[in-house]
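Source: prediction; values computed, not measured.
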Amino acid sequence: MAAAAISGGHLVLSTPASTRRPQSLPLHPPSARPIAASSASAARHGVAAAAVSSPAAVPSTGKDAKQLPKDFLHINDFDKDTIMKILNRAIEVKAMIKSGDRSFQPFKGKSMAMIFAKPSMRTRVSFETGFFLLGGHAVYLGPDDIQMGKREETRDVARVLSGYNDIIMARVFAHQDILDLAKYAPVPVINGLTDYNHPCQIMADALTMLEHVGRIENTKVVYVGDGNNIVHSWLLLAAVIPFHFVCACPKGFEPDAKTVEIARSAGSKIEITNDPKEAVKGADVVYTDVWASMGQKEEAEYRKKVFQGFMVSLPLVLYCHLHQF
């Protein structure tokens, strides 16, 4: 299938700055943690599920009810049906909002604390605006407002913010920080980015695929650039929904090997290559990211040299078009 038309006949997705490349990953995505069988926990889960459910929906708490993770930390914490339900519901809600219909207010009377250990214009605006459009109020907490792990222990931050808010979103550096927040916070925690993965970004891009390509399953997605947290989230999506994913990166900048294996063992075709031109042949989606993210500025000049040719340029797009079949 030819790539969907956005630019030059191809769906070319680019993402804002991600984060510094993790040198080691002491902890990989854990298995989904079940919700505690208490009325308080069920109520908190209802807050997390409200944006996916119909306005009048109430999550089941019976013994046969499906147990879902309390938090959104990694895409593969959820199964394919749940991920597709979220994406399809997002398409519906997006259409409602664009039409001017603001009647869907699942977060009316709710507040969300947004921890930004790592600042981002796009992440802040998208979360804050989105939560407002769904009826809620978002509280921005910048790098100097908390200094998590320095001024206060992460567990104390989690407990205090949970006492005032219904949801916590955090954009942090170390992946362990988001895991600790989720461990100690009784309210749902959303991963707004860590040095390991960026699930909300890839969920938004998966939504774009549904809108422009028409499907995710059995497509070919090619990423050109650094094998960073963006790539890890694509791999974790491939661990849930089968598709062909190719990462074209310079030698020494490959994604985490264990995460690659997670995707492969789930049945997706995964390729890691150092040749961008070969990678884009037959692609439905061509994707890229910045070469030097926040926390990598001292490497910027070196990366400019190493990553020459690893960009979504006009020649690469034309090459993709010529080798579409």
To the nearest 0.5 angstrom, please state how far the [atom1] atom of [X] sits from the [atom2] atom of [Y].
| X | Y | atom1 | atom2 | answer |
| --- | --- | --- | --- | --- |
| Asn218 | Phe243 | CG | CZ | 11.0 Å |
| Asp289 | Cys249 | CG | SG | 12.5 Å |
| Ser162 | Ile168 | OG | CD1 | 4.0 Å |
| Ile167 | Leu161 | CD1 | CG | 13.0 Å |
| Leu322 | Leu318 | CG | CG | 6.5 Å |

Suppose we screen for side chain to side chain contact (heavy atoms under 4.5 Å, CB included). Which residues come up paired with [X], at least two apart in sequence or across chains?
| X | result |
| --- | --- |
| Pro242 | Glu217, Ser268 |
| Thr273 | Val246, Ala248, Asp275, Ala279 |
| Leu210 | Met84, Leu87, Asn88, Ile91, Ile216 |
| Lys98 | Lys94 |

(message) Testing Thr259, Asp256, Asn229 one by one against Tyr196 for a side chain to side chain donor-acceptor pair (under 3.5 Å), which residue passes?
(response)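 The single option meeting the side chain to side chain donor-acceptor pair (under 3.5 Å) with Tyr196 is Thr259.
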(message) With side chain to side chain donor-acceptor pair (under 3.5 Å) as the test, pick out the partner of Thr123 among Arg171, Gln201, His198.
(response)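 Single side chain to side chain donor-acceptor pair (under 3.5 Å) partner of Thr123 among Arg171, Gln201, His198: Arg171.
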Shortest non-hydrogen separation from [X] to [Y] and the atoms involved:
| X | Y | result |
| --- | --- | --- |
| Val187 | Asp71 | O-OD1, 3.8 Å |
| Ala239 | Asn76 | CB-CB, 4.3 Å |
| Ala263 | Leu235 | CB-O, 3.3 Å |
| Gly227 | Cys247 | CA-SG, 4.3 Å |
| Cys320 | Val280 | SG-O, 3.4 Å |
| Glu254 | Lys251 | OE2-CA, 3.4 Å |

(request) Could you give me the CA-CA distance, side-chain angles and deciding distance for Asp79 and Thr82, then say whether side chain to side chain donor-acceptor pair (under 3.5 Å) is met? (result) CA-CA 5 Å; Asp79 61 22; Thr82 302; 2.7 Å; yes
Are [X] and [Y] packed together at the side-chain level, in the sense that at least one heavy-atom pair is separated by less than 4.5 angstrom?
| X | Y | result |
| --- | --- | --- |
| Pro276 | Leu316 | yes |
| Asn191 | Met169 | no |
| Asp177 | Thr194 | no |
| Tyr223 | Thr288 | no |
| Ile272 | Pro255 | yes |
| Pro250 | Phe307 | yes |
| Met203 | Ile83 | yes |
| Val317 | Val312 | yes |

Donor-acceptor check, side chain of [X] to backbone of [Y], threshold 3.5 angstrom: yes or no?
| X | Y | result |
| --- | --- | --- |
| Ser233 | Ile230 | no |
| Asp284 | Lys220 | yes |
| Thr208 | Ala204 | yes |

(request) State plainly whether one hydrophobic cluster holds both Met114 and Tyr184, where clusters connect Ile, Leu, Val, Met, Phe, Trp and Tyr through side-chain heavy atoms under 4.5 angstrom apart. (result)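 Unlinked, Met114 and Tyr184 end up in two clusters.
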List the residues meeting side chain to side chain donor-acceptor pair (under 3.5 Å) with [X], not counting sequence neighbours, and say none if there are none.
| X | value |
| --- | --- |
| Thr219 | none |
| Glu261 | none |
| Asp180 | Gln176 |

(request) Establish, from distance only, whether the side-chain atoms of Ser99 and Asp101 form a donor-acceptor pair under 3.5 Å. (result)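 Judged by distance alone, the side chains do not pair up.
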Please set out all donor-acceptor pairs under 3.5 angstrom arising from side-chain atoms of residues 128-157, sequence neighbours excluded.
unit_1 : atom_1 : unit_2 : atom_2 : d
Glu128 : OE1    : Arg124 : NE     : 3.0
Thr129 : OG1    : Val125 : O      : 2.8
Asp145 : OD2    : Gly142 : N      : 2.6
Arg151 : NH2    : Asp145 : O      : 2.4

(request) Go through Phe127 and Met112 one step at a time and tell me if the side-chain contact (heavy atoms from CB on, under 4.5 Å) criterion holds. (result) CA-CA 9 Å; Phe127 268 96; Met112 175 174 64; 4.1 Å; yes
(request) Report the hydrophobic cluster partners of Tyr164, with the cluster defined as I, L, V, M, F, W, Y residues connected by side-chain heavy atoms closer than 4.5 angstrom, directly or transitively. (result)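 Val160, all in the cluster of Tyr164.
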(message) Test: side chain to side chain donor-acceptor pair (under 3.5 Å). Region: residues 235-244. Which pairs qualify, not counting sequence neighbours?
(response)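 Listed once each, the pairs are His244-Glu271.
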(message) Using the salt bridge (Lys or Arg N to Asp or Glu O under 4.0 Å) criterion, which residues pair with Lys281? Sequence neighbours excluded.
(response)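 Lys281 satisfies salt bridge (Lys or Arg N to Asp or Glu O under 4.0 Å) with Glu278 only.
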(request) Could you walk me through whether Lys70 and Asp77 pass side-chain contact (heavy atoms from CB on, under 4.5 Å), step by step? (result) CA-CA 10 Å; Lys70 172 177 71 72; Asp77 287 343; over 6 Å; no
(request) Kindly determine whether Leu181 and Ile115 satisfy side-chain contact (heavy atoms from CB on, under 4.5 Å), including the steps that lead there. (result) CA-CA 11 Å; Leu181 274 173; Ile115 300 173; 4.0 Å; yes
(request) Measure centre to centre between the rings of His232 and His175, then say whether the value is under 6.0 Å. (result)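 No, too far apart.
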(message) Ring centres under 6.0 Å, that's the criterion: do Phe310 and Phe253 meet it?
(response)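 Phe310 vs Phe253: aromatic centres not under 6.0 Å.
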(request) Would you check, one step at a time, whether the test side-chain contact (heavy atoms from CB on, under 4.5 Å) holds for Ile190 with Cys200? (result) CA-CA 8 Å; Ile190 299 171; Cys200 292; 3.7 Å; yes
(message) Can you classify the ring geometry of Phe245 versus Trp234 as parallel (below 30°), tilted (30 to 60°) or perpendicular (above 60°)?
(response)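 The rings of Phe245 and Trp234 lie parallel, inter-plane angle below 30°.
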